[in-house]
2 protein chains.
Amino acid sequence: MRVQTARTDTADRMLDLAERLVQTRGFNGFSYADIASALDVTKASLHYHFPTKAELGRRLIERYSDAFTSALVALDESGVGALDKLRAYVEIYAGVLRNERMCLCGMLAADYATLPEPMKSAVTHFFEVNERWLAAVLEQGRVAGELHFAGPPLEVARLLVSSLEGAMLVARSFNEVSRFQWIADRLLTDLSAAESVSTGARSIENPYPVG
Amino acid sequence: MRVQTARTDTADRMLDLAERLVQTRGFNGFSYADIASALDVTKASLHYHFPTKAELGRRLIERYSDAFTSALVALDESGVGALDKLRAYVEIYAGVLRNERMCLCGMLAADYATLPEPMKSAVTHFFEVNERWLAAVLEQGRVAGELHFAGPPLEVARLLVSSLEGAMLVARSFNEVSRFQWIADRLLTDLSAAESVSTGARSIENPYPVG
DNA sequence: GTCTATAGGTGGATAGAC
DNA sequence: GTCTATCCACCTATAGAC
């Protein structure tokens, strides 16, 4: 059993940069040359670790999805209430946006038609995992009397995922994180109040700086 | 004053196809060669009408934005109520999605970081126009007692634009228009009911088949 | 207004030395 | 595991004939 010598493995650094490039420029908006020059390695070295761009893309989603899932599991094990879970969930998105990025899978959803098949199914799987987790949280909150909404939790969960992804997409164009924050706050307010009573100043803390 | 001879001008056909390619594959997901081969012309001919890809992109947004604005003006002049305006607005989006496309400017928002400057400002302008129009409709509906929401209309308008864009983005990945329709219906229901009472089957008619 | 031809560059990807 | 060198397909864009 051998621990990696380098603090950050080369392949990981490649993935880190590739991830940022996809999240900012899209899957068709960067090249192996971009990564190679930034990391001071050759394209050939990149191809050693990631034979094809399709494979690189697949690995990116895999890693991103796993990290996301871990964060959601950690939230479940934290024992906090449903509303706080939703706040933390929103904060993950906000952290991504603060780094001037779009959600990896939200970005890939835009590029969807041009993606190789393995990446396509990984993208939709990401959304489904998120929707299922949110649906469970919503149900938990409804049972606890903490959240109020009509209809199936999964349907509300889908509204949340779509709205947050869209809010990131648009807010990033304006380079205004506040655009995202206001929308996210309003979505949560509408769920936590018995009737639609969302006015005044809302703010959310900052516990999950991510990505 | 001379009417174009051809039923559809060549430049228009080029724009039509380029628009579809951007809406399905993104601005970095197609080439002049794609358009040329599909229309049976040469790349050089394309460059005659649209010297650079940046100029082609700018013209695409211009045309799309103008068509959208015309549709909104027509709605204003139709004299229908605020809720029906919102329904028609949603139906424009639904029509785009049914053609297996993403909103042009929603797609370009994903490609934003890679766009030439003139395209960037045209994209954000599109969103602002939509938000302003929606804010006016929301205010109209609130005054008429037809819509119920708290806070500034512009804030709710931004929620609507972002949520609809996100719903298109995600629904297109699943190739499920119904995902979009459920979310859009729920958004409108939440605005039209005094309290959040959205259950059961909702449906919306189909008056604006669009691009 | 459309064509042929091509420039000049970059894309993803591979062979083979070290 | 990283390099040099290279392939070939494709990219945006232009020159100049018709």
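Lettering of chains follows the sequences in order, A, B, ..., and the numbering in each one begins at 1.
The distance between atom CG of B:Asp34 and atom C1' of D:dA9, rounded to the nearest whole Å, is 14 Å. Atom CG in B:Leu46 sits roughly 17 Å away from atom P in D:dC10 (whole-Å rounding). Look at CD1 on A:Ile35: it is 12 Å from C1' on C:dG12, rounded to the nearest Å.
Each of C:dG1, C:dC3, D:dC11 was ranked by its minimum atom distance to the side chain of B:Ala44; first place goes to C:dC3. Closest to the side chain of A:Thr42, out of D:dA13, C:dC3, D:dT4, is D:dT4. Looking at the side chain of B:Ser31, the nearest of the listed nucleotides D:dA13, D:dC11, C:dC3 is D:dC11. Nearest to the side chain of A:Tyr48, among D:dT2, C:dC3, D:dC11, sits D:dT2. Here C:dA13 is the nucleotide among D:dC3, D:dC11, C:dA13 with the atom lying nearest to any side-chain atom of A:His47. Which of D:dC3, C:dA13, C:dC3 sits closest to the side chain of B:Val41 comes down to C:dC3.
In this structure, the separation between CD on A:Glu165 and CG on A:Leu160 is 11.5 Å, given to the nearest 0.5 Å.
Nucleic acid contact class of B:Asp40 (heavy atoms, under 4.0 Å, all strands): sugar-phosphate only.
Taking side-chain N and O atoms only, A:Thr10 has no distance below 4.0 Å to OP1 or OP2 of D:dG1.
Ion pairing between A:Glu91 and A:Arg98 holds under the 4.0 Å rule for side-chain N and carboxylate O.
Because its NZ or CZ atom is not both nearer than 6.0 Å to the ring centre of A:Tyr112 and within 45° of the ring axis, B:Arg172 does not count as a cation-pi partner of that residue. Annotation: cation-pi geometry satisfied between A:Lys53 and A:Phe30 (NZ/CZ under 6.0 angstrom from ring centroid, within 45° of ring axis).
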